[in-house]
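Quick note: numbers below take in every heavy atom, side chains included, and nothing from hydrogens, waters or symmetry partners. Order of the sequence lines sets the chain letters (A, B, ...), proteins ahead of strands, with each chain counted from 1.
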2 protein chains.
Amino acid sequence: MPKYHDELDAVLRALADPTRRAVVERLASSPAVVSELAAPFSMALPSLLQHLRILEDAGVVTSEKHGRVRTVSLRPGALDVLHLWLGEQRTPAERQADRLGVHLTRTTPKD
Amino acid sequence: MPKYHDELDAVLRALADPTRRAVVERLASSPAVVSELAAPFSMALPSLLQHLRILEDAGVVTSEKHGRVRTVSLRPGALDVLHLWLGEQRTPAERQADRLGVHLTRTTPKD
DNA sequence: CTAATAGTTAGGCATATGCCTAAGTATCAC
DNA sequence: GTGATACTTAGGCATATGCCTAACTATTAG
(Lines give C-alpha, C1' and ligand atoms only; values in the text may rest on other atoms or scores of the structure.)
Protein backbone atom coordinates (compact mmCIF):
# COMPACT_ATOMS: atom_id res chain seq x y z
CA MET A 1 0.00 0.00 0.00
CA PRO A 2 1.69 3.24 -1.13
CA LYS A 3 2.59 5.84 1.47
CA TYR A 4 0.24 8.46 0.12
CA HIS A 5 -2.64 6.41 1.46
CA ASP A 6 -2.59 8.17 4.82
CA GLU A 7 -3.03 11.45 3.01
CA LEU A 8 -5.64 9.95 0.71
CA ASP A 9 -7.51 8.53 3.69
CA ALA A 10 -7.58 11.89 5.46
CA VAL A 11 -8.71 13.73 2.34
CA LEU A 12 -11.47 11.26 1.52
CA ARG A 13 -12.75 11.20 5.08
CA ALA A 14 -12.75 14.98 5.09
CA LEU A 15 -14.71 15.12 1.84
CA ALA A 16 -17.19 12.45 2.91
CA ASP A 17 -19.18 15.06 4.83
CA PRO A 18 -21.53 17.35 2.86
CA THR A 19 -20.85 20.40 5.00
CA ARG A 20 -17.14 20.10 4.48
CA ARG A 21 -17.66 19.52 0.81
CA ALA A 22 -19.70 22.66 0.54
CA VAL A 23 -16.93 24.57 2.29
CA VAL A 24 -14.40 23.26 -0.20
CA GLU A 25 -16.68 24.24 -3.07
CA ARG A 26 -16.95 27.76 -1.71
CA LEU A 27 -13.19 28.06 -1.18
CA ALA A 28 -12.47 26.87 -4.70
CA SER A 29 -13.30 30.34 -5.97
CA SER A 30 -11.57 32.42 -3.28
CA PRO A 31 -10.45 32.42 0.34
CA ALA A 32 -13.08 33.29 2.93
CA VAL A 33 -13.31 34.25 6.57
CA VAL A 34 -14.81 31.85 9.06
CA SER A 35 -17.99 33.83 9.59
CA GLU A 36 -18.64 33.90 5.87
CA LEU A 37 -18.09 30.19 5.60
CA ALA A 38 -20.48 29.61 8.49
CA ALA A 39 -23.26 31.78 7.09
CA PRO A 40 -24.95 29.28 4.75
CA PHE A 41 -25.28 26.69 7.48
CA SER A 42 -27.81 26.89 10.30
CA MET A 43 -25.26 25.27 12.57
CA ALA A 44 -23.55 26.38 15.75
CA LEU A 45 -20.21 28.02 15.03
CA PRO A 46 -18.17 25.52 17.07
CA SER A 47 -19.57 22.78 14.85
CA LEU A 48 -18.47 24.54 11.69
CA LEU A 49 -15.08 25.19 13.25
CA GLN A 50 -14.75 21.50 13.94
CA HIS A 51 -15.35 20.85 10.26
CA LEU A 52 -12.68 23.40 9.35
CA ARG A 53 -10.31 21.71 11.79
CA ILE A 54 -10.79 18.42 9.99
CA LEU A 55 -10.21 20.00 6.61
CA GLU A 56 -7.08 21.70 7.88
CA ASP A 57 -5.76 18.57 9.57
CA ALA A 58 -6.30 16.71 6.31
CA GLY A 59 -4.26 19.33 4.52
CA VAL A 60 -7.18 20.36 2.35
CA VAL A 61 -7.29 23.95 3.62
CA THR A 62 -4.99 26.37 5.37
CA SER A 63 -5.96 29.27 7.60
CA GLU A 64 -4.44 32.45 8.97
CA LYS A 65 -5.63 34.57 11.82
CA HIS A 66 -5.20 38.32 11.62
CA GLY A 67 -6.56 40.03 14.71
CA ARG A 68 -9.88 38.41 15.44
CA VAL A 69 -10.51 37.32 11.87
CA ARG A 70 -9.46 33.97 10.50
CA THR A 71 -9.19 33.54 6.75
CA VAL A 72 -9.41 30.08 5.24
CA SER A 73 -8.00 29.06 1.87
CA LEU A 74 -8.08 25.94 -0.23
CA ARG A 75 -4.57 24.55 -0.40
CA PRO A 76 -3.56 24.37 -4.06
CA GLY A 77 -2.83 20.81 -5.01
CA ALA A 78 -4.55 19.48 -1.93
CA LEU A 79 -6.80 17.22 -3.96
CA ASP A 80 -4.12 15.97 -6.31
CA VAL A 81 -3.61 12.82 -4.28
CA LEU A 82 -7.25 11.94 -4.82
CA HIS A 83 -7.05 12.86 -8.46
CA LEU A 84 -4.08 10.53 -8.87
CA TRP A 85 -5.74 7.70 -7.02
CA LEU A 86 -8.84 8.08 -9.16
CA GLY A 87 -6.75 7.79 -12.26
CA GLU A 88 -5.51 4.44 -11.02
CA GLN A 89 -8.96 3.02 -10.42
CA ARG A 90 -10.01 2.58 -13.97
CA THR A 91 -11.21 -0.73 -15.33
CA PRO A 92 -9.37 -2.28 -18.26
CA ALA A 93 -12.36 -1.33 -20.39
CA GLU A 94 -12.02 2.30 -19.35
CA ARG A 95 -8.30 2.23 -20.04
CA GLN A 96 -8.96 0.74 -23.43
CA ALA A 97 -11.46 3.48 -24.14
CA ASP A 98 -8.76 5.97 -23.19
CA ARG A 99 -6.33 4.42 -25.66
CA LEU A 100 -8.91 4.56 -28.38
CA GLY A 101 -9.53 8.17 -27.55
CA VAL A 102 -13.13 7.45 -26.63
CA HIS A 103 -14.11 9.78 -23.85
CA LEU A 104 -17.12 10.77 -21.93
CA THR A 105 -18.68 13.64 -23.76
CA ARG A 106 -18.43 16.60 -21.48
CA THR A 107 -21.06 19.20 -21.93
CA THR A 108 -19.64 22.63 -21.25
CA PRO A 109 -21.15 23.85 -18.00
CA LYS A 110 -22.92 27.17 -18.24
CA ASP A 111 -21.11 29.63 -15.98
CA MET B 1 -26.48 22.32 -5.35
CA PRO B 2 -26.46 20.12 -8.47
CA LYS B 3 -28.41 16.88 -8.51
CA TYR B 4 -25.38 14.69 -8.85
CA HIS B 5 -24.52 15.51 -5.26
CA ASP B 6 -26.53 12.59 -3.92
CA GLU B 7 -24.45 10.30 -6.09
CA LEU B 8 -21.27 12.14 -5.17
CA ASP B 9 -22.14 11.89 -1.48
CA ALA B 10 -22.71 8.15 -1.70
CA VAL B 11 -19.49 7.59 -3.63
CA LEU B 12 -17.36 9.66 -1.29
CA ARG B 13 -18.82 8.06 1.80
CA ALA B 14 -18.21 4.66 0.27
CA LEU B 15 -14.58 5.52 -0.51
CA ALA B 16 -13.94 7.07 2.90
CA ASP B 17 -13.35 3.62 4.36
CA PRO B 18 -9.96 1.96 3.77
CA THR B 19 -11.37 -1.54 3.41
CA ARG B 20 -13.77 -0.42 0.74
CA ARG B 21 -11.03 1.50 -0.96
CA ALA B 22 -8.84 -1.57 -1.06
CA VAL B 23 -11.70 -3.52 -2.57
CA VAL B 24 -12.08 -0.92 -5.29
CA GLU B 25 -8.35 -1.02 -5.98
CA ARG B 26 -8.49 -4.78 -6.37
CA LEU B 27 -11.51 -4.64 -8.68
CA ALA B 28 -9.88 -2.02 -10.87
CA SER B 29 -7.87 -4.77 -12.52
CA SER B 30 -10.58 -7.43 -12.83
CA PRO B 31 -13.81 -8.70 -11.31
CA ALA B 32 -13.49 -10.98 -8.30
CA VAL B 33 -15.60 -13.35 -6.28
CA VAL B 34 -16.55 -12.47 -2.73
CA SER B 35 -14.26 -15.01 -1.10
CA GLU B 36 -11.30 -13.67 -3.03
CA LEU B 37 -12.15 -10.12 -2.04
CA ALA B 38 -12.44 -11.17 1.59
CA ALA B 39 -9.12 -13.03 1.68
CA PRO B 40 -6.75 -10.09 2.37
CA PHE B 41 -8.79 -8.94 5.36
CA SER B 42 -8.81 -10.70 8.72
CA MET B 43 -12.42 -9.72 9.10
CA ALA B 44 -15.61 -11.74 9.50
CA LEU B 45 -17.27 -12.36 6.14
CA PRO B 46 -20.52 -10.59 7.05
CA SER B 47 -18.49 -7.45 7.74
CA LEU B 48 -16.88 -7.58 4.31
CA LEU B 49 -20.27 -8.20 2.77
CA GLN B 50 -21.58 -5.11 4.49
CA HIS B 51 -18.80 -3.14 2.84
CA LEU B 52 -19.70 -4.62 -0.53
CA ARG B 53 -23.33 -3.67 0.08
CA ILE B 54 -22.33 -0.09 0.63
CA LEU B 55 -20.23 -0.04 -2.52
CA GLU B 56 -23.06 -1.55 -4.50
CA ASP B 57 -25.67 0.79 -3.08
CA ALA B 58 -23.41 3.70 -3.99
CA GLY B 59 -23.24 2.41 -7.52
CA VAL B 60 -19.51 1.87 -7.34
CA VAL B 61 -19.68 -1.88 -7.93
CA THR B 62 -22.12 -4.38 -9.34
CA SER B 63 -22.44 -8.05 -8.48
CA GLU B 64 -23.92 -11.22 -9.94
CA LYS B 65 -24.60 -14.47 -8.23
CA HIS B 66 -24.19 -17.68 -10.19
CA GLY B 67 -24.98 -20.71 -8.07
CA ARG B 68 -23.35 -20.12 -4.73
CA VAL B 69 -20.67 -17.79 -6.08
CA ARG B 70 -21.06 -14.04 -6.25
CA THR B 71 -18.82 -12.11 -8.60
CA VAL B 72 -18.22 -8.41 -8.00
CA SER B 73 -17.16 -5.89 -10.63
CA LEU B 74 -16.22 -2.26 -10.61
CA ARG B 75 -18.88 -0.33 -12.49
CA PRO B 76 -17.18 1.46 -15.39
CA GLY B 77 -17.68 5.19 -15.03
CA ALA B 78 -18.71 4.85 -11.40
CA LEU B 79 -16.10 7.30 -10.25
CA ASP B 80 -16.68 9.84 -13.00
CA VAL B 81 -18.93 11.93 -10.79
CA LEU B 82 -16.07 12.32 -8.34
CA HIS B 83 -13.64 13.02 -11.12
CA LEU B 84 -15.91 15.77 -12.42
CA TRP B 85 -16.40 17.29 -9.00
CA LEU B 86 -12.67 17.30 -8.42
CA GLY B 87 -12.17 19.15 -11.64
CA GLU B 88 -14.45 21.87 -10.33
CA GLN B 89 -12.57 22.32 -7.08
CA ARG B 90 -9.51 24.01 -8.42
CA THR B 91 -8.29 27.32 -7.11
CA PRO B 92 -7.95 30.20 -9.54
CA ALA B 93 -4.18 29.74 -9.28
CA GLU B 94 -4.50 26.12 -10.32
CA ARG B 95 -6.78 27.06 -13.20
CA GLN B 96 -4.29 29.68 -14.28
CA ALA B 97 -1.55 27.09 -14.18
CA ASP B 98 -3.72 24.92 -16.41
CA ARG B 99 -4.12 27.71 -18.92
CA LEU B 100 -0.39 28.28 -18.97
CA GLY B 101 0.12 24.59 -19.52
CA VAL B 102 1.98 24.24 -16.23
CA HIS B 103 1.23 20.83 -14.84
CA LEU B 104 2.29 18.60 -12.06
CA THR B 105 5.14 16.53 -13.35
CA ARG B 106 3.95 12.98 -13.41
CA THR B 107 6.58 10.36 -13.22
CA THR B 108 5.67 7.38 -15.34
CA PRO B 109 4.74 4.54 -12.99
CA LYS B 110 6.67 1.36 -13.49
CA ASP B 111 4.27 -1.35 -14.50
C1' DC C 1 -13.18 51.63 29.33
C1' DT C 2 -17.26 49.00 27.85
C1' DA C 3 -19.81 46.51 24.76
C1' DA C 4 -19.69 44.15 20.56
C1' DT C 5 -17.53 41.05 17.48
C1' DA C 6 -14.94 36.92 16.00
C1' DG C 7 -13.43 33.02 17.19
C1' DT C 8 -12.07 29.07 20.73
C1' DT C 9 -12.41 25.49 24.25
C1' DA C 10 -14.80 22.06 26.83
C1' DG C 11 -18.16 18.89 27.65
C1' DG C 12 -22.25 16.35 26.35
C1' DC C 13 -25.62 13.68 23.48
C1' DA C 14 -27.99 11.00 19.78
C1' DT C 15 -26.98 8.61 15.95
C1' DA C 16 -23.91 6.30 12.68
C1' DT C 17 -20.29 3.16 11.75
C1' DG C 18 -17.40 -0.84 11.53
C1' DC C 19 -16.71 -4.62 13.59
C1' DC C 20 -18.30 -9.11 15.94
C1' DT C 21 -20.97 -13.87 16.65
C1' DA C 22 -24.66 -17.03 15.70
C1' DA C 23 -27.75 -18.99 12.85
C1' DG C 24 -29.51 -19.68 8.50
C1' DT C 25 -30.14 -20.61 3.16
C1' DA C 26 -28.56 -22.23 -1.23
C1' DT C 27 -25.48 -24.73 -4.02
C1' DC C 28 -22.15 -28.25 -5.01
C1' DA C 29 -19.08 -32.47 -4.64
C1' DC C 30 -18.80 -37.05 -3.52
C1' DG D 1 -28.34 -38.04 0.63
C1' DT D 2 -24.71 -35.91 3.46
C1' DG D 3 -21.23 -32.82 4.38
C1' DA D 4 -18.73 -29.01 2.63
C1' DT D 5 -18.70 -24.60 0.57
C1' DA D 6 -20.25 -19.83 -0.38
C1' DC D 7 -22.84 -16.60 0.96
C1' DT D 8 -26.83 -14.24 3.82
C1' DT D 9 -29.51 -12.53 7.70
C1' DA D 10 -30.05 -10.90 12.31
C1' DG D 11 -28.69 -8.93 16.35
C1' DG D 12 -25.27 -6.82 19.30
C1' DC D 13 -21.37 -3.81 20.86
C1' DA D 14 -17.62 -0.29 21.22
C1' DT D 15 -16.21 3.60 19.13
C1' DA D 16 -16.62 7.49 16.00
C1' DT D 17 -19.13 11.33 14.27
C1' DG D 18 -21.76 15.48 13.83
C1' DC D 19 -24.27 18.16 16.18
C1' DC D 20 -25.45 20.96 20.52
C1' DT D 21 -24.79 24.50 24.69
C1' DA D 22 -22.04 27.10 27.86
C1' DA D 23 -18.22 29.53 28.93
C1' DC D 24 -14.23 31.63 27.59
C1' DT D 25 -10.33 34.54 25.13
C1' DA D 26 -8.84 38.02 22.00
C1' DT D 27 -9.68 41.94 19.26
C1' DT D 28 -12.09 46.06 17.84
C1' DA D 29 -15.33 50.09 17.71
C1' DG D 30 -17.20 53.83 19.95
Side-chain angles (χ1 to χ4, degrees), chain A residues 1 5-27 30-75, chain B residues 1 5-27 30-75:
Chain A
M1 193 80 70
H5 270 221
D6 283 352
E7 187 181 343
L8 179 69
D9 188 69
V11 168
L12 277 167
R13 283 175 187 281
L15 297 179
D17 176 77
T19 301
R20 293 199 286 275
R21 234 173 12 255
V23 167
V24 167
E25 287 169 355
R26 164 61 190 78
L27 293 176
S30 63
V33 298
V34 167
S35 52
E36 186 191 330
L37 289 175
F41 308 104
S42 50
M43 163 186 305
L45 185 59
S47 303
L48 193 278
L49 285 170
Q50 189 175 23
H51 284 304
L52 295 184
R53 171 90 275 162
I54 290 166
L55 284 170
E56 191 154 15
D57 287 348
V60 176
V61 305
T62 57
S63 71
E64 280 188 3
K65 191 164 187 184
H66 294 286
R68 62 190 182 181
V69 178
R70 179 174 290 279
T71 304
V72 186
S73 309
L74 198 54
R75 183 172 69 84
Chain B
M1 190 79 71
H5 271 220
D6 282 352
E7 187 181 342
L8 179 67
D9 187 70
V11 168
L12 277 167
R13 284 177 186 280
L15 296 179
D17 177 77
T19 301
R20 294 198 287 276
R21 232 173 12 254
V23 167
V24 167
E25 287 170 355
R26 164 60 190 79
L27 292 176
S30 62
V33 297
V34 168
S35 54
E36 186 190 330
L37 289 176
F41 308 103
S42 50
M43 164 186 302
L45 186 60
S47 302
L48 193 278
L49 286 171
Q50 189 175 26
H51 283 303
L52 294 183
R53 172 90 275 161
I54 290 166
L55 285 170
E56 189 152 16
D57 288 347
V60 176
V61 305
T62 57
S63 71
E64 279 189 3
K65 192 163 186 183
H66 294 287
R68 61 190 182 180
V69 178
R70 180 174 289 279
T71 303
V72 187
S73 309
L74 197 54
R75 183 173 69 84

Practice task
Could you tell me whether the side chain of A/V60 reaches within less than 4.5 Å of the side chain of A/I54, counting heavy atoms only?
Solution key: no
Here the distance between atom P of C/dG7 and atom CG of A/L52, to the nearest Å, is 10 Å
To the nearest angstrom, the CZ-C1' distance between B/R70 and C/dT27 comes to 13 Å
Q. When you look at B/V69 and B/H66, which way does the side chain to side chain contact (heavy atoms under 4.5 Å, CB included) test go after all the steps?
A. CA-CA 5 Å; B/V69 178; B/H66 294 287; 5.6 Å; no
Of A/P46 and A/R13, the one whose nearest nucleotide on DNA chain C sits closer to the 5' end is A/P46
Review point. Base, sugar-phosphate alone, or nothing: which one does B/T71 contact when heavy atoms must sit under 4.0 Å apart?
Key: nothing
Q. Side chain of A/R20, backbone of A/H51: donor and acceptor closer than 3.5 Å?
A. no
Outermost contacting nts on DNA chain D, any atom under 4.0 Å from chain A heavy atoms, listed 5' then 3', are D/dG18 to D/dT28
Of B/V34 and A/M43, the one whose nearest nucleotide on DNA chain D sits closer to the 5' end is B/V34
* Determine the contact category for A/S47: base if any of its heavy atoms lies under 4.0 Å from a base atom, sugar-phosphate if only primed atoms, P, OP1 or OP2 are that close, otherwise nothing. => base
Atom CG of A/L45 and atom C1' of C/dT8 are separated, to the nearest Å, by 9 Å
*Answer yes or no: is there an ion pair linking B/E56 with B/R75, defined by an N-O contact shorter than 4.0 Å?*
no
Residue pair A/L37 / A/L27, side-chain heavy-atom distance below 4.5 Å:
yes
Side chain to side chain contact (heavy atoms under 4.5 Å, CB included) between A/L49 and A/L52, worked out | CA-CA 5 Å; A/L49 285 170; A/L52 295 184; 4.3 Å; yes
Residues in residues 57-65 of chain A with a heavy atom under 4.0 Å of DNA chain C, by number, are A/K65
Any base atoms under 4.0 Å from B/R53, or only sugar-phosphate, or nothing? Heavy atoms, all strands.
nothing
ask   = Do the charged groups of B/D57 and B/R53 touch, with an N to O distance under 4.0 Å?
value = yes
Judged by atom type as modelled, is there a donor-acceptor pair below 3.5 Å linking the side chain of A/R13 to the main-chain atoms of A/D17? no
| task | Please state whether the phosphate of C/dT5, meaning OP1 or OP2, lies under 4.0 angstrom from any side-chain nitrogen or oxygen of A/S35. | result | no
For B/P18 and A/D9, the nearest pair of non-hydrogen atoms, with its separation, is CD-OD1, 3.9 Å
